[in-house]
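Heads up: the structure comes next, in structure tokens.
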Amino acid sequence: MRYLPLTDTDRSAMLDTIGAASVDDLFVDVPEVARLDGPIRDLPMHAGEMAVEKHMRGLSKQNLAAADAAFFLGAGAYRHHVPASVDHIIQRGEFLTAYTPYQPEIAQGTLQMLFEFQSQVARLYGCAVANASMYDGSTACWEAVAMAHRVTKRKRVVLSGALHPHYAEVVRTMAKFTDDEIAGAQPAIGAQPDNEGLIARIDDNTSCVVVQYPDILGRLPDLEEIAEAAHAKGALLIAVNTEPVALGAIKSPGELGADIVVGEGQSIGVGLQFGGPYLGLFAVRDKKHVRQMPGRLCGETVDADGKRGFVLTLSTREQHIRREKATSNICTNSGLCALAFSVHMTLLGEKGLRQLAAENHRLACIAADKLAAVPGVTVLNDSFFNEFTIMFDADARQVVRDLAEDKILAGVSLGRLYPDVDAFSGGLLVAVTETTTEEDIETLCSALKEKLS
Amino acid sequence: MRYLPLTDTDRSAMLDTIGAASVDDLFVDVPEVARLDGPIRDLPMHAGEMAVEKHMRGLSKQNLAAADAAFFLGAGAYRHHVPASVDHIIQRGEFLTAYTPYQPEIAQGTLQMLFEFQSQVARLYGCAVANASMYDGSTACWEAVAMAHRVTKRKRVVLSGALHPHYAEVVRTMAKFTDDEIAGAQPAIGAQPDNEGLIARIDDNTSCVVVQYPDILGRLPDLEEIAEAAHAKGALLIAVNTEPVALGAIKSPGELGADIVVGEGQSIGVGLQFGGPYLGLFAVRDKKHVRQMPGRLCGETVDADGKRGFVLTLSTREQHIRREKATSNICTNSGLCALAFSVHMTLLGEKGLRQLAAENHRLACIAADKLAAVPGVTVLNDSFFNEFTIMFDADARQVVRDLAEDKILAGVSLGRLYPDVDAFSGGLLVAVTETTTEEDIETLCSALKEKLS
Amino acid sequence: LEEPLIFEIADNQTTGVDLPQVDPSAASRLGGMARDADIGLPGLAEPEAVRHYTRLSRQNYGIDLGFFPLGSCTMKHNPRLNEKVARMPGFADVHPLAPTDTVQGALGVINELAEWLIKLTGMHGVAMSPKAGAHGELCGILCIRAALEARGDAREVVLVPESAHGTNPATAAFAGYKVENIPANEAGRVDLDALKARLGPDVAAVMITNPNTCGLFEPDMRAISDAVHEAGGFVYCDGANFNAIVGRVRPGDLGVDAMHINLHKTFSTPHGGGGPGSGPVVLSEALSPYGPLPFTARTDDGYIHLVEEEGAADYGHTQAFGRMTAFHGQMGMFTRALTYMLSHGADGLKQVAEDAVLNANYILRSMEDVLYAPYADSGPCMHEALFGDKDFADGLSTMDLAKGLIDEGYHPMTMYFPLVVHGAMLVEPTETESKATIDQFITAFRSVVERAKAGDQTLATAPHYAPRSRLDETMAARKPLLSFIDPD
Amino acid sequence: LEEPLIFEIADNQTTGVDLPQVDPSAASRLGGMARDADIGLPGLAEPEAVRHYTRLSRQNYGIDLGFFPLGSCTMKHNPRLNEKVARMPGFADVHPLAPTDTVQGALGVINELAEWLIKLTGMHGVAMSPKAGAHGELCGILCIRAALEARGDAREVVLVPESAHGTNPATAAFAGYKVENIPANEAGRVDLDALKARLGPDVAAVMITNPNTCGLFEPDMRAISDAVHEAGGFVYCDGANFNAIVGRVRPGDLGVDAMHINLHKTFSTPHGGGGPGSGPVVLSEALSPYGPLPFTARTDDGYIHLVEEEGAADYGHTQAFGRMTAFHGQMGMFTRALTYMLSHGADGLKQVAEDAVLNANYILRSMEDVLYAPYADSGPCMHEALFGDKDFADGLSTMDLAKGLIDEGYHPMTMYFPLVVHGAMLVEPTETESKATIDQFITAFRSVVERAKAGDQTLATAPHYAPRSRLDETMAARKPLLSFIDPD
């Protein structure tokens with residue numbers, strides 16, 4: 001078989017060296033009850049590349065690819081154009097097939113890239129230090145909450161109602177096992193985020209306040225105000241960002257006083273991929289919190305000849321050293337996605353990221369204005385970056401399904417995100433990026449007009 | 001712009017160093033009449049990656065890709081499955097962006113690959129030496145004729161009637177300028193190749209006989225007989241092969257006495273690509289002819305430390321040294337295609353190539369039998385590998401066009417290859433490879449049945 | 001040649017993309033949050049960017065370059081077909097919240113992969129969403145806790161063998177359990193009697209690695225499971241070493257209740273310099289109802305439903321303990337893993353296990369005369385061979401030997417793990433290495449071992465032929481420099 | 001580490017593909033030609049194959065690794081978008097003889113690229129099928145010969161400047177012409193008076209390279225063309241150096257009748273270790289009717305016809321001199337080149353020429369104080385800078401300097417070409433290099449030049465830090481070993 005280099009001749013020779021009569025002798029320790037006498041039944045036998053590719057292509061074709069639709073989905077995963085060179089780089093065997101850089105002498109490629117990545121993320125977030133990535137935005141969000149618990153030694157977590165409900169759910173799930181108390185809420189539907197209500201929930205036992213920026217409805221909360229309120233009570237502000245492109249147009253969370261900034265990095269370099277693998281970003285505004293951070297960190301040092309080099313460092317926080325006392329059970333990071341992010345970010349640079357953000361915002365403004373002109377449609381947001389909420393008098397979930405039949409992926413309905421809240425059923429999140437054309441916007445508007453009339 | 005790293009600041013600084021006021025000063029030698037004052041009109045301005053990709057994807061979608069059709073086209077270009085790892089390797093920047101290996105100390109990758117490639121081709125063709133590749137099969141065919149002229153100092157070229165007509169046309173075109181006399185012929189439609197007629201045309205002035213194997217109608221001429229006849233008259237036998245996969249099932253031309261073996265290597269590793277770039281293969285059975293070969297040759301040697309290494313060699317045959325006395329004006333080879341061929345061939349190996357050939361032949365036999373059962377269809381060939389000719393009483397060219405509307409690419413009509421020969425109009429070349437399914441064969445048979453009834 | 005940092009070669013006016021320059025006077029809806037400060041991100045034109053990363057890549061070692069016998073990491077060949085498939089637009093260019101009608105093929109991949117995992121392990125269900133092995137481990141333990149809570153049975157202790165991966169105790173502790181070690185016997189296995197003695201109504205689960213981290217199969221596995229079940233606990237099996245038995249032994253037949261599977265180990269998805277991984281967890285019938293949301297369910301009409309918060313009741317999954325991640329798991333890894341499984345089939349996967357074990361035993365038996373192999377007498381090893389530094393000359397350690405191997409052109413084996421063996425070396429060849437490669441490695445390994453035993457002090461400063469000599473890790477940790485700082 | 005040959009590590013029983021084992025008793029229609037002998041082809045499983053070629057690749061230098069100032073070869077960045085586009089199924093998976101109804105997009109690429117080439121050069125037509133630069137050259141000369149024959153004008157001589165590429169005389173000789181050299185003047189240009197003096201009724205064509213191989217623009221180009229045309233001949237221009245003027249100067253405005261364009265030089269298709277190239281030939285109105293078959297023609301209804309042997313008359317192309325290749329040319333290169341052109345646009349291509357020329361002049365002026373630059377006083381150079389070895393110490397040559405540059409991490413410049421300058425060095429930076437990269441190169445280049453002038457004999461044995469030291473080319477040529485021979 002094509003991935004197995006041993007020939008039968010090799011196998012015999014090796015068994016001779018081992019002193020075993022057959023390969024079965026090597027499995028003698030397996031209890032009789034568990035010894036299978038042949039290939040597992042009910043599974044197919046091996047297949048050539050052509051047949052496998054055909055099967056998988058068949059499955060692939062059962063999906064409506066974004067490129068073949070008028071596409072307005074967001075809610076934590078955004079479609080951006082990724083330069084072809086990004087994919088070329090991440091397929092270099094030396095990056096693709098390397099392990100975690102535990103042998104730094106022969107892993108400087110990964111390590112220097114991670115140092116550059118950490119630096120890029122820290123700057124983007126307005127923070128001092130970023131780690132070498134987490135699984136995704138939602139798990140990074142939980143890790144931030146757990147870190148706030150460690151730092152403040154408090155257990156009460158205030159979640160903004162406008163935090164992505166899946167993120168909130170991850171936090172709630174984990175908190176069940178750590179005895180953190182979650183003070184959550186539904187998002188208040190309104191043109192502005194409800195900072196006042198949020199601030200009112202912060203008390204002296206609060207470890208952290210978790211605020212999404214831009215929030216799940218696309219609005220831009222003033223983090224500065226929340227940071228002041230949290231700090232006044234001794235709590236940390238955790239800012240969550242699910243669209244890093246936005247930070248090319250809006251102030252960074254660190255700048256606004258967030259203590260821990262986490263988010264999803266998928267927009268830059270990674271792609272949609274039906275939800276994974278994605279890229280968790282994690283940064284702290286103040287260096288003093290570094291030793292409480294979860295995940296891997298890459299640091300600069302020198303080698304025995306005095307040459308600059310990079311290593312994984314501060315690993316005394318990690319599970320393979322600390323075992324049950326580790327800051328997190330996290331082990332793997334999202335190395336290859338971090339590389340994709342870093343390469344794409346390097347291609348963008350300051351200038352490109354700002355242009356990209358401006359173009360996203362320009363098109364989103366056009367879309368908002370055109371949708372507002374559709375009879376029956378109201379644009380909820382006062383402020384937004386590239387995603388906003390529209391409301392209408394119909395079940396948005398059904399509208400989305402109906403429009404999909406005409407290859408219009410109209411957005412993410414609030415009903416899908418909040419299936420239990422009837423009041424949200426007429427809400428639709430519409431995301432617009434540089435990949436959206438004005439023609440796509442027209443298509444959506446016409447279809448909605450027809451649907452709602 | 002994304003491929004231009006100079007900034008305006010750089011440009012000014014560099015002009016200062018040069019002592020020029022503006023870049024226009026660097027173009028002072030251009031005659032006034034030819035100085036353009038701005039970007040060339042009627043051409044678009046620069047565009048981002050996304051826009052360019054979209055434009056090209058639009059053009060791509062106007063074609064019926066083979067994967068989306070029941071596909072039976074051949075006649076010198078064959079569709080085979082190429083393992084994904086082949087494309088991965090040829091995209092390694094060190095291979096993709098290297099130049100001709102004129103600096104062997106830093107080009108051993110290309111050079112060793114070429115040495116391995118030459119060895120693989122020589123073995124496949126049953127020859128002593130192969131070169132480092134030519135543009136494609138048809139130009140290699142002409143170069144073989146020119147070489148026979150140099151070796152025999154004769155000018156009369158006997159072409160088999162069953163040589164691919166485009167190859168014959170290339171030879172005829174070039175011969176006009178070299179005063180070679182071409183004795184060609186139409187293919188004799190018959191179950192067997194007309195060896196007798198061919199041999200009768202060889203005379204004492206003949207430099208070479210050019211025979212395709214398998215021939216344009218898919219038949220397998222007995223080269224041994226022709227080689228004997230040619231050699232008896234002092235002429236060389238040039239064997240032309242357009243389907244290297246066949247050589248996994250049939251005797252090699254070298255084994256059968258061909259002096260020069262040339263062909264198209266596209267089937268292995270390269271893909272269809274609408275006709276190019278392809279891969280010209282060129283080999284000589286006897287080492288004594290090496291110095292008369294065209295094209296690049298890679299040879300083994302040692303470096304100053306005694307380590308094995310490889311270099312381009314015998315370059316005294318080539319144009320950059322010999323100028324007007326060169327063996328050929330050829331300069332570029334098909335290096336990257338040679339790499340693709342070599343990687344694919346290494347993945348196949350002896351075992352895989354033979355299995356591949358057997359599978360092609362098996363499916364072709366099934367197709368021939370099923371087509372023979374279609375009322376009105378006759379299979380011409382007594383012998384074939386993976387391509388054969390069927391005859392019916394209709395204009396095959398029109399049939400092909402009609403079936404294409406139902407996504408059946410039924411084959412290459414003889415009418416397309418021989419537009420001037422009315423007698424061939426009911427002939428269709430049908431090629432079958434491992435990518436053809438039995439379902440495809442059924443589809444073709446049903447469609448033909450309907451069409452011809 | 002040293003490769004500079006992007007911050008040293010790039011500037012904030014260069015970009016490698018061509019984007020429209022938006023009119024700065026255009027209307028903004030940024031609600032007062034518009035950025036004024038520079039971010040400080042360096043940009044490179046495409047030629048310079050490609051070159052920077054290509055050069056960086058060449059300072060890395062990967063499976064594509066040579067043998068990578070990193071024990072317990074299963075560094076096997078990463079097929080390129082997998083990469084091609086993962087990039088098909090129907091998988092790569094699909095949004096996780098797209099209407100399910102438009103993603104039946106993507107859900108189909110998840111469902112088909114789930115079926116393979118269930119059949120290969122002989123289990124009842126599988127939670128697909130965990131993002132990596134440790135995440136899967138956590139998922140498994142949380143299922144156990146949820147199941148215990150559901151029956152109102154508060155148990156406090158998780159037993160973990162002393163040779164366990166560090167993630168095991170970290171996971172159990174995270175889930176709120178007290179961790180207690182179980183000792184190993186002299187043959188490198190779990191001490192069954194000690195385990196039985198400790199079992200009781202306070203033990204929620206035993207976390208066991210099988211094949212274990214000494215590279216040995218636990219022959220008492222079935223007995224362990226029975227004992228744990230009898231005591232009312234659950235058996236968690238760390239699936240990191242599943243490659244040794246895939247296709248040949250089904251953990252379900254051994255009484256396992258939950259096991260995560262590292263798709264990047266057993267099923268060839270790329271390690272990518274440290275991730276992403278993917279850690280689906282197979283579950284016994286007892287635990288299946290507690291697996292987290294979302295999950296997929298195929299109904300009789302062939303339609304595949306994605307069950308999220310809504311509708312879980314319709315598919316009998318009301319006891320889900322919650323949600324572990326925003327979306328449905330590592331789709332990109334699912335497509336690769338399924339591609340790999342289909343390529344190998346049931347017969348090929350069995351061969352995988354056999355060749356992996358054969359290669360490891362071949363190394364064990366080819367080395368034991370020169371290198372201390374603590375469990376050489378315990379019978380055959382599974383997919384990895386364990387050695388110790390007992391006979392090294394003074395002043396030379398396993399670390400030195402590892403660095404010496406780098407100079408021979410190899411990635412070192414795993415070092416100092418498991419903790420039960422002094423100067424442990426865990427060598428895992430995997431099934432994708434040829435005999436010729438392994439023979440070359442054995443020759444080189446023997447030679448470096450001989451040098452370590454003979455006291456060759458050049459090993460103490462190895463590697464000598466790598467892009468860097470030994471790096472000062474102490475300095476890195478004492479004065480952490482974790483982000484580029486602009487020189488003034 | 002040395003990489004063995006596949007013949008040394010592979011065997012004839014291993015394969016890296018999974019194909020069905022066909023029943024050997026199955027019916028055969030091979031007509032007695034069935035193979036019995038072994039071929040002797042080595043096979044490797046995929047892991048070993050990927051590793052072999054990955055390792056081999058690392059012994060190569062490419063543009064992706066560093067600066068590659070190979071004069072007259074235009075080693076510019078190869079954009080990855082081009083590679084992606086060339087692999088779209090509508091281009092890569094299409095047969096050349098597919099019915100034209102099914103390949104309108106592929107023909108559209110050819111047609112669109114043809115239009116770009118015509119507009120960029122200010123010419124009248126273009127023959128797309130030549131497979132490489134030298135093939136295009138041949139095509140151009142054959143067009144000239146066909147045109148002359150059509151008017152019954154048998155001319156015998158082609159004039160070629162002494163600095164021409166070796167392909168120029170080889171091409172003219174192949175086409176049956178007698179080749180005569182034209183000398184250069186002291187400023188490195190064609191001697192217009194000498195040329196005029198030689199023109200006459202026997203001169204079929206002048207083959208000229210502009211910008212010429214000394215890196216200079218021929219200021220008399222228009223006068224040369226006029227004189228040649230007046231004498232009844234044609235002007236062939238070698239387009240190898242088109243990158244210097246693309247988008248800024250149109251050869252058609254200079255009176256050129258035929259010029260090939262190396263898509264792999266000017267339009268960024270990859271060099272691939274020596275090919276494939278692609279050499280379309282643009283033609284003046286006088287020559288266009290003679291271009292070879294096949295060609296594409298768009299009719300008013302937007303349909304694109306592929307004119308082959310049949311139907312040429314319908315499109316007024318009856319005088320085609322024949323066919324140069326089996327199919328339609330280098331489609332894979334067409335898609336890449338068109339992608340590149342669309343990316344740059346008319347404005348970007350103009351910037352390409354300007355930056356290429358700017359970079360070359362910057363190198364010229366940064367080096368001329370230490371390195372002999374024979375035409376430094378002739379005014380600005382174009383896209384490449386020419387130097388000579390005049391001041392080197394005894395025993396050290398241009399070759400030694402080149403090998404010294406390898407140790408500095410650079411690919412050497414072109415050496416010993418053009419022939420008119422002793423120990424010539426032709427340095428072409430291209431537009432895709434940054435000022436920082438060029439500054440670094442200048443520093444290194446100056447240092448190696450100083451060593452050559454000072455007589456540093458370590459240069460004579462350079463390179464010292466490459467995968468190989470100097471190779472014995474004499475032995476390779478004397479006892480050619482061109483194919484692997486099995487050891488007995």
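Numbered from 1 within each chain, the chains take letters A, B, ... in sequence-line order.
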I'd like to know if the side chain of D:Arg58 and the backbone of C:Arg58 have a donor-acceptor N/O pair within less than 3.5 Å.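 It does hold such a pair.
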On a heavy-atom basis, which atom in [X] and which in [Y] lie closest, and how many Å separate them?
| X | Y | value |
| --- | --- | --- |
| C:Arg51 | D:Ile63 | NE-O, 3.0 Å |
| C:Arg55 | D:Gly66 | NH2-CA, 3.9 Å |
| D:Glu46 | C:Pro79 | OE2-CA, 3.4 Å |

(Q) Quick check for you: to the nearest 0.5 Å, what is the distance between C:Ser343 atom OG and D:Asp18 atom CG? (A)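 So the gap between those two atoms works out to 7.5 Å.
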Go through the atoms of D:Ile9 and report whether side chain, backbone, both or neither lie under 4.5 Å from a heavy atom of chain C.
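The answer is neither part of D:Ile9.
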query = When only pairs under 4.5 Å are counted, which of D:Glu433, D:Lys76, D:His52, D:Arg80 shares the most heavy-atom pairs with chain C?
reply =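 Most heavy-atom pairs within the cutoff with chain C belong to D:Glu433.
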Checklist line | chain C contacts, top residue of D:Leu65, D:Thr14, D:Thr432, D:Val50 (heavy-atom pairs, under 4.5 Å) | finding: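 Most heavy-atom pairs within the cutoff with chain C belong to D:Leu65.
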